Each structure stands twice: as C-alpha cells, then as structure tokens.
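Working notes for the structure below.
In each ligand, atom 1 is the first atom listed, and ligand 1 is the first ligand listed. Every heavy atom of this structure was used, including side-chain atoms; hydrogens, water molecules and symmetry mates were not. Just so it is clear, the structure is predicted and the values come from calculations on it, not from any experiment.
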Amino acid sequence: NCAIDPPQLPCPRVAVGSHGPLLLLLLLVEGVCVDSYKPVIIVHGIFDGPQQFQNLSRFIKKVHPGTEVTVIDLYDDLLSLQPLWKQVPDFRQSFNSIMKNAPDGVHLLCFSQGGLICRALLSTTSNHNVHTFISLSSPLAGQYGDTDYLQKVFHKTLKKNVHFICYNKFGQKVSICDYWNDPHQRRSYLRNNIFLPLLNGERPHRDMKAWRENFLQIKKLVLVGGPDDGVITPWQSSHFGFYNSSENVVEMQNQEFYLNDAFGLKTLDQRGDVVACVHSGVKHTTWHSNFTVFRNCMEKWLT
Ligand SMILES: *[C@@H]1O[C@H](CO)[C@@H](O)[C@H](O)[C@H]1NC(C)=O
Ligand SMILES: *[C@@H]1O[C@H](CO)[C@@H](O)[C@H](O)[C@H]1NC(C)=O
Ligand SMILES: *[C@@H]1O[C@H](CO)[C@@H](O)[C@H](O)[C@H]1NC(C)=O
C-alpha cells in the first residue's frame, strides 16, 4: 500500500530531519505509507559471527537508509559447530522477537550454514512473516567435498570416510554432519542424518505437511552462489543442485525432492518465486563483503 516506490523516498524520520516538517505534513496529507523498508535479519555461517557482516549491514543501510539490520549474535565462531537442532530454537527466540515488532514482515538473509538454520526456522515456525529469504552461498542440498573446513574439523579424514564419523548419534552432534550428504551412502544418509533429510522431505515425517505450508509462506526465495566459492561442494548445492551416485551434478529441477515437491520448492518455483543469482570470481568468505554481488543479487529484494 505504498503510493510511492520506497527507494525514491527516505523514511519520514529521515525526512523530518533533512527536509523539515513541511515534507512530513505533505506525506501525511498524501496518505503515503510510513515505514519504507522491512527489517533485515542476518544469520551467520560456520566459524563466523556478527563481526563478519559489518560490510553487508553497511551496504544495506547505505542503499536503504533507515533499515533495521540485525545480525543474530548466537553460536558464533567455534560454537557454530553445535548441533543444528540445538541452535535452531535459540535462533528462533531472536527471530520471533524481531518479527513481533515488524507487522509488515521481515527479510531473512542467511549465509552458508546459516541458510540451513533459516530453512529450519521457516519450516518449523507457523505464522512467520518472512517476506524474502535470501540464501547466500548455503549448502542447501548438502555438502560433500574435501575442503579446508573439513580438515579443520576432522583433520585428515577424506570425504569418502566422513560418513563413518557423521552418520550416527554422536556424529550428528557436529553441525557439519547435519548436512553432510554422501552420494555413495544414500541409505545411511537417509536413516542416520537427523537434519537435512527432514528439511528436504527426503525422509517422510509426521509434520511434513505443516512444514511445507510454513515454508511456502515466504514470498520470494533468492539463491546466491557461484563456481569459485571453494567451500560449498558441489557449488550448485547453493542452488539446490547436488551430486548423484556417480558424482555428476543433477540440477535443482531434476532433484527428487523438487520433482515430488517434498517441501514446497517446486510450488514456489512454479509460482515464479525462486530467483537464482550466480556469480563467478567470488570466494566463499567474501560473498557478504562484495558490493557487486550485493547490488546484483540482494538490493532489490530488501525493500
Ligand atoms: C569489509 O570490506 C573491506 C573493504 O572492501 C575489506 O577490506 C574488509 O576485509 C571487509 N570486512 C569483512 C569483515 O569482510
Ligand atoms: C548421474 O548424472 C549423470 C549426468 O546427468 C548421468 O549421465 C549418470 O548416468 C547419472 N548417474 C547415475 C548413477 O544415475
Ligand atoms: C566481487 O564480485 C564480482 C562479480 O562476481 C567479481 O568479479 C569480483 O572478483 C568480486 N570481488 C572480490 C574481491 O571477491
């Protein structure tokens, strides 16, 4: 119900200071909407925290003055290795309290592992008011790669052996294991991974229908990622693509969870509400401080 395109018009609070009360009066007489930009909630990734998102917060406030940006300050740095089902309820508390004060809705911008935390929040929260969910280089369909991150956590373990560590009760207490998706161990993944197969609706569960409805309350899903990421493996996982059992990448539209619309992705796509944004030349830890990426993939959705 905005009479004027928000980007053309700063928030009235700004208007009062910089243009005087006359403009405010004018706005009131014209019946123009008051608050222009929805609050943005940022969820960080593995081994990082609010500090790493200062540039991104600055970008948002620069192009959309007056936006309230919150980087949720929970499970930072090494604590980000805590099991995801333990992290989700704590993130939910912050998420809920911001949503409660934002009757026009919020945007959710989630980086890397944070993208999976956000998917869990969206699926398990009824009546959330998230408008746009931006997933910034997140392993949405899982992770399977010999990367520095893997070495940091499991030392010299090769990707082909990680399933021995991850696919059991103890392994599932490490966040990475919650989205470890070994394409050669499909049965064990489905049986022993207690996180991603549930989000993806790959393992049927009681609340599937409700989760799907909750997820579908978002208006837009924006997927950002690219081939030079260096961490998300395969990088197409940032766009819901993943390896098949011969380690060839199968794109989102041919994934089983897409074809049977297990968690609403196909519905969302057919509604025209899935947006893909691919950028090459961007390394994993620089996605959130690259202004070109921000301009091309995020800015227009954060109104
Ligand atoms: C923020 O951007 C500056 C300049 O592009 C860069 O030097 C710095 O490392 C960035 N900070 C973070 C935390 O990414
Ligand atoms: C994996 O995908 C590739 C490329 O689409 C295909 O040629 C191959 O047969 C698939 N492998 C299996 C085991 O399905
Ligand atoms: C920022 O993104 C652009 C566009 O993809 C890319 O060409 C460039 O290399 C990136 N810059 C950095 C510092 O990552």
Any N/O of Q51 closer than 3.5 Å to an N/O of ligand 1? no
Taking N or O atoms only and a 3.5 Å limit, does K283 qualify as a polar contact for ligand 3? no
All pairs passing salt bridge (charged side-chain N to carboxylate O under 4.0 Å, His left out) where residues 106-121 contributes a residue, at least two apart: none
Using a threshold of 4.0 angstrom between heavy atoms of the protein and any atom of ligand 2, which residues qualify? N244, S245, S246, N248
Compute the shortest N/O to N/O distance between G281 and ligand 3 and return yes if it is under 3.5 Å, no if not. yes
Hey, does N290 come in under 3.5 Å of ligand 3, counting only N/O atoms on both sides? yes
For the pair F59 and F294, name the ring-plane relationship: parallel under 30°, tilted 30 to 60°, perpendicular over 60°. tilted
Could you list the atoms of ligand 1 found under 4.0 angstrom from a heavy atom of S289? 14 (O)
Quick one: which ligand 3 atoms are inside 4.0 Å of a heavy atom on T286? 14 (O)
Should we count CD of E256 as having more than 12 external heavy atoms under 6.0 Å? no
Sole candidate of S238, S137, S237 that passes side-chain contact (heavy atoms from CB on, under 4.5 Å) when paired with D229: S137
Aromatic ring proximity Y179/F195, centre distance under 6.0 Å: no
Which pairs, with at least one residue in residues 141-157 and sequence neighbours excluded, count as a side chain to side chain donor-acceptor pair (under 3.5 Å)? none
Answer yes or no: is there a donor N or O on one side and an acceptor on the other, between the side chain of T286 and the main chain of V282, under 3.5 Å? no
With clusters defined by side-chain heavy atoms of hydrophobic residues (ILVMFWY) lying less than 4.5 Å apart, directly or transitively, does L265 cluster with I134? no
Counting from 1 in the order shown, the ligand 3 atoms closer than 4.0 Å to a non-hydrogen atom of V282 are 2 (O), 5 (O)
Hey, which atoms in ligand 3 end up nearer than 4.0 Å to a heavy atom of H279? 4 (C), 5 (O)
Partners of R271 by side-chain hydrogen bond (donor to acceptor under 3.5 Å, both in side chains), sequence neighbours excluded? D273
Is it the case that one hydrophobic cluster holds both L223 and W235, taking links as side-chain heavy atoms less than 4.5 Å apart, direct or via other members? no
